[in-house]
Amino acid sequence: MDAKTSELTEAQHQAVDHTNGPLLVLAGPGSGKTTVVTQRIANLIQGGVLPWQILALTFTNKAAQEMRDRVYHLLEKSGCHSKGLTVSTFHAFCARILRDWGDRVIGTTSFTIYDTADQRSAMKSAIKTCDLDSSNWRPASVLAAISTAKNKLIDVDTFEQEATDFYGKSIAKMYRAYDNILRENDAVDFDDLLLHTARLLENDIEARQSLEDRYQYVMIDEYQDTNHTQFVIANKIASNHRNICVVGDPDQSIYAWRGADISNILDFEEHYGEGTVIPLGRNFRSTGKIVEAAAALIKNNVQRKDKKLHTELDDGHKPKVDTVASEHEEAHAIVEEVKRLREDGLPLKEMAVLYRINALSRVLEDAFRDEGVPYVVARGTAFYERKEIKQAISYLRLLVNPKDNVAFIRIINTPTRGIGGTSIARLEQLAYTKGLALLETTTMVTKDQGFTTRAINALKKFSETYRQWLVDGRSEESLTAAGSLADLVERVVRESGLEELYSKTSGEEDIDRLQNLEELVSAASEFEQRYDAEHENEKTSTPLSLLFAFLENVALVSDADAIDPENGAVTLMTLHASKGLEFDFVAIAGLEDGLLPHERSLYEESQMEEERRLCYVGITRARKHLMLTTARRRTQRGISNRTIESRFIREMTGVMTQQKTETEPWDIPDVIPEVTNDITVGSMVRHKRFGVGKVQRVIRRPRGSTVTIHFQGGVKHLVLEYANLELVRSSDYSAGNSPPEF
DNA sequence: AACTGTAAACTTTTT
DNA sequence: GTTTACAGTT
């Protein structure tokens with residue numbers, strides 16, 4: 001919805017004016033949800049509620065920022081201010097609570113937030129301590145099981161009590177070990193931020209009272225995507241005054257896989273007996289034909305309350321389905337459409353390309369680049385996933401939290417300092433017996449513990465560097481001028497040796513890495529400016545405390561945060577990341593069974609319905625133009641396969657224009673055996689690893705012929721098309737290769 | 001201890 | 001097709 005819409009519908013008015021008591025707003029796509037929420041906040045403040053007493057929770061930083069901005073502008077006109085208003089993501093809000101109260105639930109307020117990679121390495125060591133076969137327990141799947149538990153507010157103790165079978169007991173054991181490691185390292189993972197906050201609110205009366213006294217009005221956006229733990233957090237804070245307003249749409253619930261509990265929204269009236277429910281059904285975003293397509297699709301969901309969708313706008317353009325030969329043609333067709341619309345006067349920033357999985361972005365990016373059409377991929381997290389950035393961040397994290405062993409391990413030998421696996425194992429042993437963190441142990445190493453002189457010197461030098469950084473980081477003097485955080489970051493990048501490591505002119509890649517490190521310094525600088533502006537009245541004590549805030553910010557970025565509405569470029573992103581956004585033109589790529597719906601959802605109806613909702617979310621992002629594409633053939637993981645058109649297209653036929661633009665044949669055989677034709681029984685061939693051998697047998701099959709080859713090392717059965725065999729002529733033997741003996 | 005190369009796994013979606 | 005993990009080499 002446009003911000004300048006000043007006239008509200010009756011339903012919108014009702015929602016805005018309903019300030020006291022529980023309220024559920026069922027907001028369909030494009031129904032002015034954000035307008036209602038921001039107007040409501042402005043209303044409260046104008047009615048005399050202190051901004052400080054209002055809490056609004058969103059799912060991405062981007063959404064929070066937008067909400068803040070809009071409230072600010074609404075209030076500007078009336079002479080009120082919004083200083084002290086809390087608009088935050090659930091995770092960032094919980095992080096702040098734990099910064100205040102953390103010592104009561106996790107024994108510290110200066111914890112580090114672990115990302116997925118950190119979690120994995122913590123889990124790896126956890127599994128090791130459990131005497132379980134690590135080949136049977138993959139860190140990722142154990143973490144997934146624990147995450148599911150945490151989203152249901154099941155902590156370690158509860159999980160242990162409830163575990164009955166071998167599987168459950170094994171997970172419980174690893175949950176305990178993992179939790180111990182996190183506690184030892186003063187670390188929390190994403191789910192912990194929610195879990196520990198909920199535990200705090202349940203068990204600590206003082207903390208709960210403090211929060212419920214402060215936040216007299218609570219608002220939650222995208223309520224259909226909250227999990228049980230989040231429900232408990234909001235519910236505890238609002239339990240006394242009961243001024244809770246939640247906004248959501250069951251049809252747009254797309255995070256059940258992450259623990260989102262749709263019953264939060266469905267059972268709202270049960271939880272809050274006196275609660276009011278206001279449906280916002282009229283769509284002000286999309287033109288008629290687009291809404292028709294969305295309606296045709298979503299009505300196929302059985303587990304759903306049927307509701308009429310109607311738009312206030314004209315019919316507009318009919319959405320179209322483009323059937324193309326391959327992913328390359330798909331990308332081409334989308335770029336061509338973008339160019340056509342640009343000529344019609346549509347700005348690029350009003351266009352988006354959506355897809356089910358990130359892997360699909362590659363081909364699209366190539367096409368946009370080749371055609372010279374500006375584009376941005378919404379991957380805010382990508383920067384922080386880079387190796388060199390992770391390393392720099394680890395140095396910084398260790399500065400703020402000396403107990404962070406995961407960070408320590410990642411950097412103790414990067415750049416190489418002559419501290420290898422053996423030395424690290426010894427150090428871990430020493431730390432274990434002394435009950436200290438790894439960094440704290442570095443000064444205690446001696447020769448009779450088995451450490452080499454080289455290792456001892458390197459470790460001592462390492463800890464001396466840290467000591468120096470800490471001394472300067474704690475001094476208030478270095479905070480006199482702006483840029484103190486950036487200075488600290490720059491200094492760590494330089495003195496850690498990372499700068500030098502990537503300065504060695506070894507290739508293009510290293511130059512990129514160096515630039516990325518520079519970018520990290522500017523990110524710190526930008527953060528500092530933003531932070532100073534937002535906290536102008538508060539006096540920050542030291543560069544280290546700024547660093548704390550910066551690292552927290554870094555840990556909680558999301559892909560959607562990277563979307564910059566001001567840029568003149570097409571946005572490429574996953575369907576999930578598109579939630580809450582809108583564009584004049586939307587293209588959705590890869591409408592194929594197995595992709596959308598994704599293959600992991602094909603066999604369970606509830607998951608299939610979530611895929612359908614995901615597609616529905618994508619479609620309803622479009623204001624004026626909608627284009628869906630389906631490729632007859634798609635190469636995934638290096639293998640090209642024929643595809644089946646998505647059932648979702650079938651469900652929308654009649655509402656859409658079908659179009660086939662096949663300039664290349666799609667019905668070609670799956671394997672082109674051309675290069676392998678002259679390999680027959682008796683041929684001499686060379687394999688990269690097995691060397692030279694003689695072909696014993698060839699079984700021709702349409703996809704993947706099997707060959708039996710007698711190598712020096714023994715008989716091997718290989719797939720002809722993938723073995724990458726090189727035909728060896730007898731004349732080659734004289735060139736120094738000794739012929740195999742049989 | 002550090003580097004190099006090859007096999008295996010990998011892909012949903014995210015704070 | 002890409003990344004990671006491990007094994008083998010210097």
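So that the names make sense, note that chain A is the first sequence line, chain B the second, and so on, each numbered from 1.
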query: Would you say a side-chain N or O of K124(A) is under 4.0 Å from OP1 or OP2 of dT4(C)?
result: no
query: Nearest-Å distance, CZ (R386(A)) to C1' (dT3(C))?
result: 14 Å
task: Compare the aromatic ring of F90(A) with the six-membered base ring of dT15(B) and state whether they stack according to the 5.5 Å and 30° rule.
output: no
- prompt: Expressed in angstrom and rounded to an integer, what is the separation of N358(A) atom CG from dT13(B) atom P?
  reply: 5 Å
message: Please classify the nucleic acid contact of D115(A) as base, sugar-phosphate, or nothing, using heavy-atom distances under 4.0 Å.
response: nothing
task: Just name whichever nucleotide pairs with dC3(B), Watson-Crick or G-U, keeping both distances under 3.5 Å, else none.
output: dG8(C)
query: For T574(A) and dT13(B), is the shortest distance between a side-chain N/O and OP1 or OP2 below 4.0 Å?
result: no
- request: Examine dT15(B): is either OP1 or OP2 under 4.0 Å from a nitrogen or oxygen in the side chain of N151(A)? Give yes or no.
  value: no
query: With nearest nucleotides of DNA chain B determined for E610(A) and G418(A) from heavy-atom distances, which residue corresponds to the more 5′ nucleotide?
result: G418(A)
- request: Specify whether F408(A) and F462(A) have parallel, tilted or perpendicular ring planes, treating 30° as the upper limit for parallel and 60° as the lower limit for perpendicular.
  value: perpendicular
message: Can you see whether E222(A) engages Q224(A) through a side-chain donor-acceptor pair at a distance of less than 3.5 angstrom?
response: yes
task: Rounded off to whole Å, could you give me the CZ-to-P distance for the R120(A) and dT4(C) pair?
output: 8 Å
Options dC10(B), dT15(B), dT11(B), nucleotide nearest the side-chain atoms of A359(A): dT11(B)
- request: Using distance alone, with no hydrogens and no angle criterion, decide if E330(A) and T629(A) have a side-chain donor and acceptor under 3.5 Å apart.
  value: yes
field: Whole-Å distance separating the NZ atom of K150(A) from the C1' atom of dT15(B)
entry: 13 Å
message: Rounded to whole Å, how long is the line connecting atom CD1 of I357(A) with atom C1' of dT11(B)?
response: 6 Å
task: Mind checking T422(A) for me? I need base, sugar-phosphate or nothing, with any heavy atom below 4.0 Å counting as a touch.
output: sugar-phosphate
- prompt: Whole Å only: how far is the CG atom of N553(A) from the C1' atom of dT15(B)?
  reply: 13 Å
field: Pairwise C1' distance for dT11(B) and dC6(C), with rounding to whole Å
entry: 23 Å
- request: Please work out if T635(A) contacts a base, only the sugar-phosphate, or nothing of the nucleic acid, heavy-atom cut-off 4.0 Å.
  value: nothing
Interatomic distance where CZ belongs to R637(A) and P belongs to dA8(B) [whole Å]: 16 Å
Below 4.0 Å: OP1/OP2 of dA1(B) and any side-chain N or O of R417(A): no
message: Side chains of N185(A) and Y114(A): any donor to acceptor distance under 3.5 Å?
response: yes
- prompt: Would you say a side-chain N or O of T416(A) is under 4.0 Å from OP1 or OP2 of dA1(B)?
  reply: no
task: Measure from the side chain of R362(A), starting at C-beta and using heavy atoms only, and say which of dT2(C), dT15(B), dC10(B) lies closest.
output: dT2(C)
- line: Per nearest nucleotide of DNA chain B, the residue lying toward the 5' end, G421(A) or T89(A), is G421(A)
message: Tell me if a side-chain donor or acceptor on T643(A) pairs with a main-chain N or O of R632(A) at a distance below 3.5 Å.
response: yes
field: Nearest-Å distance for atom pair CD1/C1', residues I220(A) and dT15(B)
entry: 16 Å
- request: Start with the C-alpha gap between L427(A) and F451(A), add the side-chain angles, then the distance that decides, and say whether side chain to side chain contact (heavy atoms under 4.5 Å, CB included) holds.
  value: CA-CA 9 Å; L427(A) 199 66; F451(A) 289 95; 4.2 Å; yes
